[in-house]
Amino acid sequence: MSHRLVVIGAGYAGLLAAKRLARKLSRSDATVTLVNASDRFVERVRLHQVAAGQPLAAPSLRQQLSGTSVRLVVGRVTAIDTARRTVCTDAAPGALGYDTLVYAVGSQARFDDVPGAAEHADAVADLEQATRLRHRVAEIASGGTVAVVGGGLTGLETAAELAASHPGLRVRLFTGADDVGCGLAPRARTHLRRALDRLDVSVHPGTVIATVREDGLDTRDGTSFAADAVVWTTGFRAPELARAAGFATDESGRMLVDATLRSISHPEVYAIGDAAAGVSAGGAPSRMSCQTALPMGRGVAEVIAARLAGREPAPVRIPYAFTNISLGRRDGIVQFTHADDRPRRFVLTGRAAAAFKEAVIRSTVRSGPRRESGSDESDS
Ligand SMILES: Cc1cc2nc3c(=O)[nH]c(=O)nc-3n(C[C@H](O)[C@H](O)[C@H](O)COP(=O)(O)OP(=O)(O)OC[C@H]3O[C@@H](n4cnc5c(N)ncnc54)[C@H](O)[C@@H]3O)c2cc1C
């Protein structure tokens, strides 16, 4: 019987891994099945644009997989039975046996334990949330307020995009940190502050949110702010699936993997992308980003193919080179980084940075998950 490879999740990491596995292994040796919750490839890096009212092209996965031997199952995996080596799906076929499993389920919004956040706040972590937020924002009358909670990259991009697309709205950005852009080089940070100023985004540093209400939020120091929409961007966590199945995971639910992306608790299982807790080329913990997902997607296929051929694979390298932040469609920051993700002094700002980011995103999708070319691709 041929080896049964099952990949859960057709995002940047899983789609690339499935295609590359199918290309590297002959059909008689292995079957590759890709299970995804929807029949579309969603460019998550554009979801703040969706929230701001811009259209999103979500290409069909069947089209992306045409010409490959990958079998697509559209359905949500509800459980992994590691003893029986089976994944359970909420759609036909209901259960899928595997010999090797690749876990690539991405991440989701982390609503923390702040009372009211899960009930009243919106998010941009998946397409449904971003679409809901777009509708909510579209209904706010001019002069209304959107409160974005979280000063990380997603919060910054979301606040800037909403402010640029809806100049009639007041956008407030709340962060518990002392400032925005703390991980950036000084020039990038200065540019960020000026850009938020120009877009009229009011920044509230050092502000911890205690409660989210239907009509606003309360801070830990007792101040209340009215808001017509609250957007929660305090971070991402991996789905509960791995932890519930008994895999070794970190506190964010990411599967703990070794240098070949293999689960440290279940050697027949690999994890990639946001759902994996890996280590970068410079020794830093992997960051949830396309710059991690793509090398992991490519790398896991090399590792599995090597092991199936009886060879010991090389560790998978995750090289970090830059972080890019969009500030609306015409402004941005590219912060170049060392391999361990520490910022270099060199930064690109303004229109050039916005154009750089757009080019990177397009090339990521064109040459990464959409068309597995086997060449060296650039990452976002
Ligand atoms: C608004 C926003 C902006 C971002 N901007 C950037 C950026 O500029 N640069 C950057 O590098 N990163 C950015 N990111 C992060 C980036 O999108 C993620 O790191 C990346 O998508 C991770 O890829 P992945 O393949 O691991 O997961 P995903 O792209 O999330 O794909 C996971 C897939 O698994 C599927 N899935 C999940 N659970 C199940 C299940 N139980 N059963 C079946 N299928 C399932 C999902 O439907 C999805 O198709 C941004 C994220 C957001 C939300």
Side-chain angles (χ1 to χ4, degrees), residues 6-18 34-52 56 58 61 64 72-80 87-91 96 102-110 123-130 133 148 150 152-162 231 233 235-236 238-242 244-245 253-255 271-276 278 286-297 300 320-327 332-335 356-358 360-361 364-365 368-369 378-380:
V6 173
V7 180
I8 315 176
Y12 297 92
L15 183 53
L16 181 57
L34 177 61
V35 193
N36 195 59
S38 94
D39 63 352
R40 305 265 142 194
F41 172 73
V42 174
E43 272 187 272
R44 273 183 83 200
V45 301
R46 293 195 189 274
L47 290 182
H48 56 297
Q49 295 175 235
V50 172
L56 177 79
L61 282 173
Q64 304 304 311
L72 176 67
V73 170
V74 177
R76 183 165 283 281
V77 171
T78 51
I80 303 171
V87 299
C88 306
T89 58
D90 66 358
L96 278 167
V102 179
Y103 186 70
V105 294
S107 60
Q108 49 197 213
R110 180 195 282 267
V124 289
D126 64 39
L127 183 56
E128 290 69 31
Q129 290 169 345
L133 177 57
V148 178
L153 302 187
T154 308
L156 293 170
E157 291 195 324
T158 304
E161 201 75 48
L162 289 171
V231 192
T233 65
F236 297 125
E240 273 302 303
L241 209 50
R254 300 190 303 169
M255 200 181 278
I272 55 177
D274 284 6
S286 61
R287 128 165 86 90
M288 290 185 179
S289 70
C290 294
Q291 223 174 123
T292 307
L294 293 179
M296 282 186 167
V300 81
Y320 290 126
F322 54 81
T323 296
N324 49 26
I325 308 169
S326 63
L327 299 166
I333 296 170
V334 180
Q335 169 69 68
F356 180 97
K357 175 158 186 176
E358 185 57 33
V360 166
I361 291 178
T364 296
V365 175
S378 39
D379 304 337
S380 138

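Whatever order the structure lists them in is the order used to number ligands and atoms, beginning at 1.
- At a heavy-atom cutoff of 4.0 Å, ligand 1 is contacted by no atom of L15, backbone or side chain.
- With sequence neighbours excluded, the residues that form a side-chain contact (heavy atoms from CB on, under 4.5 Å) with A271 are Y103, M255, V257, A276.
- Ligand 1 has an N or O atom lying under 3.5 Å from an N or O atom of A37, backbone or side chain.
- T233 and H48 are not linked by any side-chain donor-acceptor pair at a separation below 3.5 angstrom, with hydrogens and angles left out of the test.
- Closest heavy-atom approach to atom 53 (C) of ligand 1 among the candidates L47, V360, V124, D274: V124.
- Relative to atom 31 (O) of ligand 1, the option among G11, A10, A17 with the closest non-hydrogen atom is G11.
- Looking at A13 next to ligand 1, an N or O pair under 3.5 Å apart turns up.
- Nearest-residue assignment for atom 32 (C) of ligand 1 (options V105, L61, V74; heavy-atom criterion): V105.
- Considering I8, N36, T323 only, the shortest heavy-atom separation from atom 48 (C) of ligand 1 involves N36.
- The shortest separation from a heavy atom of F236 to ligand 1 is under 4.0 Å, placing the residue in contact.
- Rounding to the nearest 0.5 Å gives a distance of 11.0 Å between CZ of F236 and OG of S289.
- Partners of L153 under the side-chain contact (heavy atoms from CB on, under 4.5 Å) rule, at least two apart in sequence or in another chain, are T323, I325.
- With respect to the salt-bridge test (charged N to carboxylate O, under 4.0 angstrom), the residues E358 and R46 qualify.
- Ligand-side atoms of ligand 1 in range of M288: 19 (O), range being under 4.0 angstrom from any heavy atom.
- Nearest-heavy-atom check against atom 1 (C) of ligand 1 across R46, Q129, H48 picks out H48.
- For a threshold of 3.5 Å applied to N or O pairs, the pair formed by C290 and ligand 1 contains at least one separation below that value.
- Within the 4.0 Å heavy-atom cutoff, A104 counts among the residues contacting ligand 1.
- Looking at V77 next to ligand 1, an N or O pair under 3.5 Å apart turns up.
- No N or O atom of T154 sits closer than 3.5 Å to an N or O atom of ligand 1.
- In this structure, A276 falls outside the shell of residues with a heavy atom less than 4.0 angstrom from ligand 1.
- Using a 4.0 Å heavy-atom cutoff, S38 is absent from the residues neighbouring ligand 1.
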